[in-house]
Amino acid sequence: MLATPQSMKFESALPLRSGASIRDYALSFETYGTLNADRSNAVLICHALNASHHVAGVYAGQDKSEGWWDNMIGPGKPVDTNRFFVVGINNLGSCFGSTGPMHANPDTGRIYGADFPVVTVEDWVKAQARLLDALGIDQLAAVMGGSLGGMQALSWTLQYPQRVRHAVVIASAPNLTAENIAFNEVARRAIVTDPDFHGGHFYEHGVVPKRGLRIARMVGHITYLSDDVMNEKFGRELKTPTLPDEARPPGGGLAADGAIRDYLYSTQEVEFQIESYLRYQGDKFSEYFDANTYLLITRALDYFDPARAHGGDLSAAMEAAVSKFLLVSFTTDWRFSPQRSREIVKALVDNRRDVSYAEIDAPHGHDAFLLDDPRYMAVIRSYFDRIAAEGVAS
Amino acid sequence: MSDALIQQSIARLVPEGSRVLDLGCGDGALLALLQRERGCRGYGIELDDANVHACVQRGVNVIQLNLDEGLAMFGDRSFDVVLQIDTLQHLRNAETMLRETARVGRLGIVAFPNFAHWPNRLSVLGGRMPVTRRLPYQWYDTPNIRVGTHADFAVLAYKNSLRVLDAFGLQEGREVRFLPNLMAGTAVFKFERG
């Protein structure tokens with residue numbers, strides 16, 4: 001399936017939760033499949049921290065350009081684009097096409113940088129709704145997302161209850177725990193204290209706070225994996241190449257394959273494979289991700305808390321939702337643990353809403369929501385089969 | 001676990017339009033039946049992945065939970081009816097779950113294989129554990145970790161101050177009200193918190 005990125009401009013100001021507003025902005029988006037005659041088969045996919053509107057398909061002539069959820073969405077896939085009209089929208093403040101901190105502020109003509117307004121999950125959802133208005137989509141067959149994307153799906157059911165028939169909320173949470181905010185804060189401090197950050201206006205200095213971005217990504221990456229999967233993938237494996245017998249140093253150990261390896265006895269060299277992996281992930285990330293975007297998106301995560309306006313009572317908050325729900329969590333996900341999904345399920349049950357919940361026993365931690373566990377894929381596929389079968393009758 | 005005849009019999013016990021919680025709902029067939037024919041709504045609780053998937057396929061609300069962890073998610077008397085159909089015999093915390101059933105539901109309905117059904121008695125009298133259509137397992141591979149009788153349950157219900165509203169047996173899809181502890185392969189109790 002070929003994907004074609006599009007962009008839509010919005011001139012009128014979008015009022016934001018913070019009291020600020022943003023005008024003359026553009027949103028990048030992609031669509032897959034065909035909107036049916038009664039415009040009832042649209043599915044909105046919301047993206048998480050490190051993703052974009054490029055949800056599925058490939059770009060013409062570009063190898064390895066699959067969308068970030070290409071295993072889930074496409075012709076014949078669990079979210080089948082032969083039946084559904086799928087929309088992916090890049091959120092405001094991102095660095096993948098939609099207006100973000102690297103673009104010019106129409107009020108000043110200067111690059112936004114740190115002055116880009118703080119955006120929340122609710123602001124993103126409002127911006128997405130405007131784009132759907134322009135596409136002529138009044139009601140979504142489903143809104144779906146994982147992690148931060150799941151928070152947007154949840155928020156859709158509260159902000160626009162009548163515009164959502166089904167919400168599919170995967171590996172998500174009703175808000176972040178203190179520990180989760182703490183991880184975000186470590187990442188933000190790494191970026192903000194990088195001398196190349198320049199208070200968020202690094203663009204005009206011609207530099208990028210790559211050191212901060214690298215460390216932010218390394219911390220994030222650790223939290224997306226489980227202890228088990230990390231041990232299985234890397235264990236205590238050393239990075240150094242196998243040494244020939246004669247070069248075997250004193251104290252050198254025999255590895256399982258009989259090869260002789262030894263520590264470098266260095267505090268700064270890459271010694272273990274896990275270090276190498278994290279450095280690689282950090283390097284890669286710092287080449288393409290924007291530092292201000294990272295700050296904005298982690299803040300949007302921190303601020304999301306629909307129960308807050310109801311004295312912390314999530315059940316009271318969820319009363320506004322009328323759509324049907326599918327929630328999925330993964331047993332080894334400690335960043336968005338099953339317990340957090342169960343809180344949402346409980347709030348929905350308290351309000352007598354239709355909800356199903358699958359707790360997938362997968363080893364991959366938070367990352368599992370992007371992987372191919374057959375039970376996970378089967379549940380999503382069957383749920384979307386039901387959505388297709390019920391049409392607009394519900 | 002529960003076959004179609006048992007499901008039909010149980011469905012008749014559930015008042016029309018009830019809000020139902022089905023503990024150990026299996027593939028969701030009973031809930032689907034209750035939705036279709038009795039106008040009920042509710043949720044199934046199930047642990048097994050394949051069953052959870054089957055419920056989603058049927059369009060039955062299912063929540064994947066381990067009943068051995070209790071029913072903390074559900075408030076007191078938050079359901080009209082809580083069902084435990086062929087579930088009790090698999091639970092480590094069968095007594096706790098019985099109390100939870102009575103807490104969460106205005107009405108509890110429990111059905112399980114009656115170990116005192118006469119063919120089972122004969123088998124034990126002959127020195128062997130019973131293997132029947134209703135109890136098709138060998139002693140060494142049975143998933144039924146709680147083996148009880150119709151009469152045993154009555155004692156447990158009394159011990160937990162449950163008010164038994166109805167108690168009978170099921171055999172070949174028919175209600176057995178005469179000597180159910182002897183004459184029925186399945187024991188059924190309908191109760192509320194005393």
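Since we're looking at a predicted model, the values are computed, not measured. Atom set for the values below is all heavy atoms of this structure, side chains included, hydrogens, waters and symmetry mates excluded. Residue numbers begin at 1 in each chain, while the letters A, B, ... track the order of the sequences.
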At a heavy-atom separation under 4.5 Å, does A/D354 approach chain B through its side chain, its backbone, both, or neither?
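A/D354 touches chain B through backbone and side-chain heavy atoms alike.
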
Smallest separation among heavy atoms of B/F168 and B/E175, with atom names:
CE1-CG, 3.7 Å

Search all heavy atoms of A/L158 against all heavy atoms of A/A320 and return the closest pair with its distance.
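Looks like CD2-CB, 4.2 Å.
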
Which residues from residues 370-381 of chain A are near chain B, with near meaning under 4.5 Å between non-hydrogen atoms?
A/R375, A/A378, A/V379

Should the pair A/W68 and A/H47 be assigned to parallel (<30°), tilted (30 to 60°) or perpendicular (>60°) ring geometry?
perpendicular

Do the rings of B/Y43 and B/F79 sit parallel, tilted or perpendicular, given the 30° and 60° boundaries?
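The arrangement is perpendicular - the two ring planes meet at more than 60°.
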
Option that, when pairs with chain A are counted at under 4.5 Å, heavy atom only, ranks first among B/V60, B/D49, B/V52
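Highest number of pairs under 4.5 Å: B/D49.
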
Most chain A-contacting option - heavy-atom pairs closer than 4.5 Å, from B/V62, B/L21, B/I63, B/L47:
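Highest number of pairs under 4.5 Å: B/V62.
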
Given 3.5 Å as the limit, does a donor-acceptor pair link the side chain of A/R163 with the main chain of A/I137, or not?
yes

Heavy-atom donor-acceptor pair, A/R308 side chain to A/N175 backbone, under 3.5 Å
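Between the backbone of A/N175 and the side chain of A/R308 there is no qualifying donor-acceptor contact (under 3.5 Å).
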
Chain A heavy atoms under 4.5 Å from B/R58: which part of the residue, side chain, backbone, both or neither?
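Just the backbone, heavy atoms under 4.5 Å.
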
Is it the case that over 12 heavy atoms from other parts of the model lie below 6.0 angstrom from the CH2 atom of A/W334?
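More than 12 heavy atoms, drawn from other residues, nucleotides or ligands, come within 6.0 Å of this atom.
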
Is A/H166 close to A/E390 at the side-chain level, that is, under 4.5 Å between some pair of heavy atoms?
yes

Between A/K346, A/E359, A/R386, which shows the greatest number of heavy-atom pairs under 4.5 Å with chain B?
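Maximum pair count with chain B is reached by A/R386.
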
